[in-house]
Number of protein chains: 2
Amino acid sequence: MNIEKSILSEIYKGMSFSCEEALFIESKLEKLELKKGATLLKNGETVLHQYYVYNGCVRTYFMDRSGKEHTLQFAVNDWWISDYTGFFSSTKAIMNIEIIQDATLYKISRKDTEALFCEIPRLETFFRKKMEGAFASFQQRILASLATSAKERYVSFIGLYPQIEQRVKNYHIASYLGITTESLSRIRKELTQE
Amino acid sequence: MNIEKSILSEIYKGMSFSCEEALFIESKLEKLELKKGATLLKNGETVLHQYYVYNGCVRTYFMDRSGKEHTLQFAVNDWWISDYTGFFSSTKAIMNIEIIQDATLYKISRKDTEALFCEIPRLETFFRKKMEGAFASFQQRILASLATSAKERYVSFIGLYPQIEQRVKNYHIASYLGITTESLSRIRKELTQE
DNA sequence: TAAATTTATTACCATACATCAATTTTTGAG
DNA sequence: CTCAAAAATTGATGTATGGTAATAAATTTA
């Protein structure tokens with residue numbers, strides 16, 4: 001139980017809970033250990049869970065009609081990930097979630113997420129603030145895609161997420177930046193020549 | 001007071017309040033009537049408020065180094081708008097907020113927003129759910145920018161937001177889609193020819 | 001360590017969209 | 001209603017990034 005208690009202090013950093021509360025929260029979380037290459041969620045499945053990434057690396061990606069993959073998000077330590085379009089409305093996934101580096105995750109259902117907010121309202125506040133940060137990041141990403149070149153976006157990405165860059169393939173990064181792996185390769189070459 | 005009460009039933013559709021609660025909420029909201037062309041917020045100012053759009057039309061845009069404008073968001077009836085990157089962290093705006101059609105707005109400060117959540121927790125739930133919807137929309141927009149052509153994004157935009165399309169200039173739409181006004185013009189021509 | 005597989009690079013050509021410069025059409029102030 | 005200003009369109013040309021194909025480098029597996 002001490003070990004379990006420590007995961008709550010990771011997930012809900014800065015918060016403290018009564019023993020009763022901690023037990024209640026833990027009863028809703030399920031630990032998963034997954035290997036690289038595993039699929040957490042497939043396009044078309046109902047999105048029932050979101051996942052807290054304790055370690056490892058995970059991504060969500062969309063596959064278009066022509067079969068090209070487009071990475072929406074990477075998640076490493078202390079991020080939450082899901083197909084939120086489906087999760088929030090309990091509808092079908094439009095994306096896939098893939099483990100790209102062996103990972104330890106904690107999963108929780110939509111229903112249990114709401115139950116926790118209901119029982120322990122300060123969890124709702126905690127989560128809202130996390131979401132505010134993620135919301136702002138997505139806005140910045142849209143602005144970047146509107147206002148900057150592929151090269152600038154790549155430089156900004158490796159500055160912002162050095163821990164991700166080291167752990168994922170270049171073709172993952174290219175699909176996140178919205179360019180081909182060949183274009184990324186050319187950009188990387190230019191950068192080394194500067 | 002009856003008139004004022006009705007605005008709460010617009011803003012917080014589906015919720016009901018005691019008389020005391022209604023007065024408390026109203027005390028935090030300030031009504032604004034603004035003309036087309038007015039600026040609500042300028043790049044560099046501290047973001048202290050968010051705005052509920054009762055009617056009219058508002059947009060947030062980013063101006064890049066070369067002077068080009070990039071529209072992040074339009075807001076019409078029943079949308080909230082602000083520079084959320086700044087609002088959530090009470091830091092400086094990176095965007096501008098412009099009235100593009102005479103508008104009636106209700107503004108509330110970050111501090112008062114938090115005070116409302118604290119006093120009336122179900123407002124926090126209400127707001128969280130609104131934000132979940134907005135969050136999902138932004139994710140979809142990123143996916144669209146990664147996976148689809150300008151023409152597809154335009155067709156999708158007018159299908160999704162017909163009420164906005166009628167009220168804004170084509171160059172606003174172009175700056176939202178991430179293309180030039182000339183390119184949008186050519187796309188429109190192709191569509192009429194099909 | 002060698003072989004097989006995956007990933008990254010490079011070259012050459014194609015395309016979507018940008019830029020620049022008129023011109024036409026629409027809007028709105030007086 | 002008129003006319004000036006704003007917005008949209010069009011044509012000619014430029015550029016960033018895409019597509020294809022071949023090769024090289026890195027990683028995984030046997």
Side-chain angles (χ1 to χ4, degrees), chain A residues 35-38 57 59 61-71 74 98-102 144-158 164-194, chain B residues 35-38 56-57 59 61-71 74 98-102 142 144-158 164-194:
Chain A
K35 289 288 174 192
K36 179 177 170 174
C57 188
R59 71 165 180 145
Y61 67 93
F62 171 76
M63 184 165 286
D64 69 24
R65 278 157 272 147
S66 75
K68 258 175 296 180
E69 295 181 0
H70 305 276
T71 299
F74 295 110
E98 181 193 15
I99 308 295
I100 54 181
Q101 205 170 60
D102 293 1
S145 87
L146 293 173
T148 65
S149 69
K151 188 173 178 177
E152 288 171 294
R153 297 201 302 280
Y154 177 64
V155 171
S156 153
F157 177 83
I158 59 183
I164 293 177
E165 191 229 349
Q166 292 156 19
R167 300 161 84 169
V168 305
K169 301 293 177 194
N170 283 340
Y171 64 81
H172 289 138
I173 297 177
S175 82
Y176 175 93
L177 295 174
I179 58 177
T180 58
T181 172
E182 293 90 340
S183 290
L184 178 55
S185 183
R186 287 171 205 121
I187 287 168
R188 287 162 50 81
K189 189 181 183 185
E190 282 177 49
L191 289 171
T192 58
Q193 286 169 351
E194 272 164 20
Chain B
K35 289 286 173 192
K36 179 177 168 175
C57 188
R59 70 164 181 147
Y61 67 93
F62 171 76
M63 183 166 286
D64 69 25
R65 279 157 270 146
S66 75
K68 257 175 297 182
E69 294 181 0
H70 304 278
T71 298
F74 296 110
E98 180 193 14
I99 308 294
I100 52 181
Q101 207 172 58
D102 294 1
I142 291 173
S145 86
L146 293 174
T148 65
S149 69
K151 187 174 179 178
E152 288 171 294
R153 297 202 301 279
Y154 176 65
V155 170
S156 153
F157 176 82
I158 59 183
I164 293 178
E165 190 229 349
Q166 292 156 18
R167 299 161 84 168
V168 306
K169 301 294 177 195
N170 282 340
Y171 63 80
H172 288 138
I173 297 178
S175 83
Y176 175 92
L177 295 174
I179 58 177
T180 60
T181 172
E182 293 93 337
S183 289
L184 178 54
S185 180
R186 288 178 196 113
I187 287 168
R188 286 161 51 81
K189 190 182 183 184
E190 281 177 51
L191 289 171
T192 58
Q193 286 169 351
E194 271 166 18

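Note on naming: letters A, B, ... go to the chains in the order of the sequence lines (proteins, then strands), and numbering restarts at 1 for each one.
- For B/R167 (side chain) and B/G56 (main-chain N/O), a donor-acceptor pair under 3.5 Å exists by modelled atom type.
- As rounded to whole Å, 14 Å separates atom C1' of C/dT6 from atom CD of A/E69.
- In this view, A/F62 satisfies the ring pair (Phe, Tyr, Trp, His ring centres under 6.0 Å) rule with no residue, not counting sequence neighbours.
- Rounding to whole angstrom units, CG of residue A/L177 and P of C/dA8 are separated by 13 Å.
- Donor-acceptor pairing under 3.5 Å is recorded for the side chains of A/R59 and A/T71.
- Minimum interatomic distance between A/E69 and A/S175 (heavy atoms only, all atoms of both residues): O-CB, 3.4 Å.
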Base versus backbone protein contacts along nucleotides 3-11 of chain D [heavy-atom cut-off under 4.0 Å; B, S, -]: ----SSBBB
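- Rounded to whole angstrom, the span from the NZ atom of B/K68 across to the P atom of C/dC17 amounts to 15 Å.
- Here the side chain of A/D102 pairs no donor or acceptor atom with the backbone of A/K35 at under 3.5 angstrom.
- Taking a cutoff of 4.0 Å between a charged side-chain nitrogen and a carboxylate oxygen, A/R65 and B/E152 qualify as a salt bridge.
- Between the CD atom of A/E165 and the P atom of C/dA8 there is a distance of 11 Å, given to the nearest Å.
- Nucleotide C/dA18 holds its C1' atom 12 Å from the NE2 atom of B/H70, rounded to whole Å.
- Annotation: side chain of B/H172 is not in contact with side chain of B/Y61 (no heavy-atom distance under 4.5 Å).
- Listed pair B/K36 / C/dA29 fails the phosphate criterion, with no side-chain N or O lying under 4.0 Å from OP1 or OP2.
- Below 30°, between 30° and 60°, or above 60°: for A/F157 and A/Y176 the angle between ring planes is between 30° and 60°, a tilted geometry.
- Scanning both residues, A/G178 and B/L146, for their nearest heavy atoms gives CA-CD2, 3.4 Å.
- Taken over five-pair windows at either terminus, the axes of the helix from C/dT1-D/dA30 to C/dG30-D/dC1 are inclined to one another by 60° (rounded to 10 degrees).
- Across all strands, B/T180 comes closer than 4.0 Å to base atoms (heavy-atom distances).
- Spacing between atom NZ of B/K151 and atom P of C/dT15 amounts to 15 Å, rounded to whole angstrom units.
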